[in-house]
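Working notes, structure below.
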Amino acid sequence: MHIESRIAQAGNRKDPHTGAVSFPVYHSTTFAHPGLGQSTGFDYTRTQNPTRKVLEETIADLEGGVRGFAFASGMAAVSAVFGLLRPGDHLVISDDLYGGTYRLLEQLLVPMGIRATYVDTRDPARVEAAMEAGTRMVFIETPTNPTMKVTDIRACSAIAARHQAILVVDNTFMTPYFQRPLELGADVVVHSATKFLGGHNDVLAGLVVVRDEGLAERVGFLQNAIGAVLGPQDCWLLLRGMKTLALRMQRHEENARAIADWLSRHPLVERVYYPGLAEPDVRAVQERQAGGYGGMISFEVADERMIPPVLAGVRLVTFAESLGGTETLITYPARQTHADIPPEVRAAAGVTDRLLRLSVGIEHAQDIIADLDQALRTAAKECGLA
Ligand SMILES: *Cc1c(COP(=O)(O)O)cnc(C)c1O
């Protein structure tokens, strides 16, 4: 069946007792044993919960993996994946990635003996060159946050496989509606489901999907052993949000295309990062591996002094962290999502002090454009630029 149909049907008629169309929330933390040594499949909710199971089966199906795992946040999901590494293991990772992933790696994993090499994964030759005898994992985001660098998933999976390493893809920006990394050879997909999958800025969640049973057993062990599982109420909220994923992603992208196009012609905007506006070779990689360009745009304003008045001047658009919800959000990566990355590392990755990131919502594109236009023009006037 098409992915739209599978998305819309998430959880429908999965409850054998009632035929519920919206799968119930099983709050029970413990489940009665039918007899000694017997189980209904549910014993204790950290290990398995019926509502969480339906969510996990749904994401596994959408990503085309053998098993899914739901966590209390995207970072809990990322840390479970990093838990596959042992002290002394080496990891090759995108040099332009979510700030929280960088912070976890540098402040927790590296001090515990995991070695990391940051590379510009856009160039597969650089990934190959960074591989060592002890490399156990290649970790990429594509497109990256916030400068939308596109990495060839298939090329990276071939490199990882040749070196007996696993390829992990953070698929938060694309979601399985646009991009399914496991079909392109990746071993693990990780999501901040807080973003597009949840889609309504009302649930914090993380998901992991794995390609084979061996990885399923290891991630399943970590999920239960660490215990950062998603609670049943939040599993339900996420499932309910996910049912409209296809429609939302279509609209996010339609709006983002129009806004990126408009921004690229705006006199007060210097540079626009959007996969749909990238150079032809980059666009070709994106088009080969994904069904769209997504709903995220970053852009540089003409002058750094414009940043505070733009953020203060938007009316429809909300100045807030996060992304992927129905409401358009604007973020200042240098001071928010990427604040924990040293300035020189940030600058090298293109996260300048003039860069703003837009999570394009599902409002009418013309309203978003009009709001950004008035904010940019007012800001320029205040700075004496216009
Ligand atoms: C937000 C985000 C995360 C972290 O997820 P949380 O749900 O906030 O813990 C990881 N990766 C990417 C790409 C993100 O945008």
Side-chain angles (χ1 to χ4, degrees), residues 55 59 63 68-83 91 93-109 118 121 137 139-151 153 168-179 181 186 188-209 223 226-231 234-235 237-238 241-242 249 252 256 273 275 290 294-298 320-325 329-333 336-341 349 351 355-361:
L55 169 65
I59 192 64
E63 288 284 6
F69 302 90
F71 294 89
S73 69
M75 286 321 303
V78 170
S79 64
V81 170
F82 282 157
L91 158 81
I93 188 161
S94 299
D95 62 3
D96 179 23
L97 78 155
Y98 180 69
T101 303
Y102 177 87
R103 178 177 57 194
L104 177 68
L105 192 55
E106 283 302 305
Q107 298 188 24
L108 210 72
L109 286 123
Y118 296 89
T121 53
M137 183 183 287
F139 190 111
I140 62 172
E141 280 178 34
T142 180
T144 58
N145 175 17
T147 55
M148 313 297 154
K149 291 177 189 150
V150 176
T151 292
I153 298 172
V168 180
V169 180
D170 183 330
N171 203 28
T172 299
F173 273 29
M174 287 285 103
T175 80
Y177 177 70
F178 280 137
Q179 177 171 280
V188 178
V189 169
V190 58
H191 281 284
S192 169
T194 313
K195 316 293 171 56
F196 288 105
L197 284 170
H200 296 77
N201 291 318
D202 59 7
V203 58
L204 184 76
L207 296 169
V208 172
V209 182
Q223 184 192 38
I226 297 170
V229 295
L230 191 62
D234 286 347
C235 289
L237 260 177
L238 181 51
M242 280 169 63
M249 292 312 286
H252 284 300
Y273 296 96
M296 297 299 299
I297 302 171
S298 292
E321 284 184 47
S322 201
L323 61 107
L329 302 184
I330 194 163
T331 311
Y332 187 34
Q336 295 181 286
T337 51
H338 289 60
D340 287 317
I341 300 179
V351 184
L355 191 76
L356 288 169
R357 189 188 73 184
L358 207 58
S359 170
V360 178

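Order of listing sets the numbers, starting from 1, for every ligand and every atom in it. Please read these numbers as outputs of a predicted model, since none were measured by experiment. Positions are given from 1 along the sequence. The figures here come from the full heavy-atom set of this structure, side chains too, leaving out hydrogens, waters and symmetry mates.
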Partner residues of D170 under the salt bridge (Lys or Arg N to Asp or Glu O under 4.0 Å) criterion, sequence neighbours left out: none
Identify all pairs of nitrogen or oxygen atoms, one from ligand 1 and one from the protein, separated by less than 3.5 Å, and list them with distances.
from     : atom 1 : to   : atom 2 : distance (Å)
ligand 1 : 5 (O)  : S192 : OG     : 3.0
ligand 1 : 7 (O)  : G74  : N      : 2.8
ligand 1 : 7 (O)  : S192 : OG     : 2.8
ligand 1 : 7 (O)  : T194 : OG1    : 2.7
ligand 1 : 9 (O)  : G74  : N      : 3.0
ligand 1 : 9 (O)  : M75  : N      : 2.8
ligand 1 : 11 (N) : D170 : OD2    : 2.7
ligand 1 : 15 (O) : K195 : NZ     : 2.7

Do [X] and [Y] get their side chains close enough for a donor-acceptor pair, meaning under 3.5 Å?
X	Y	answer
E141	N171	no
Y118	E106	yes
T151	T121	yes

Check: T144 side chain, P146 main-chain N or O, donor-acceptor pair, under 3.5 Å: no
Parallel, tilted or perpendicular: rings of F82 and F139 (30°, 60°): tilted
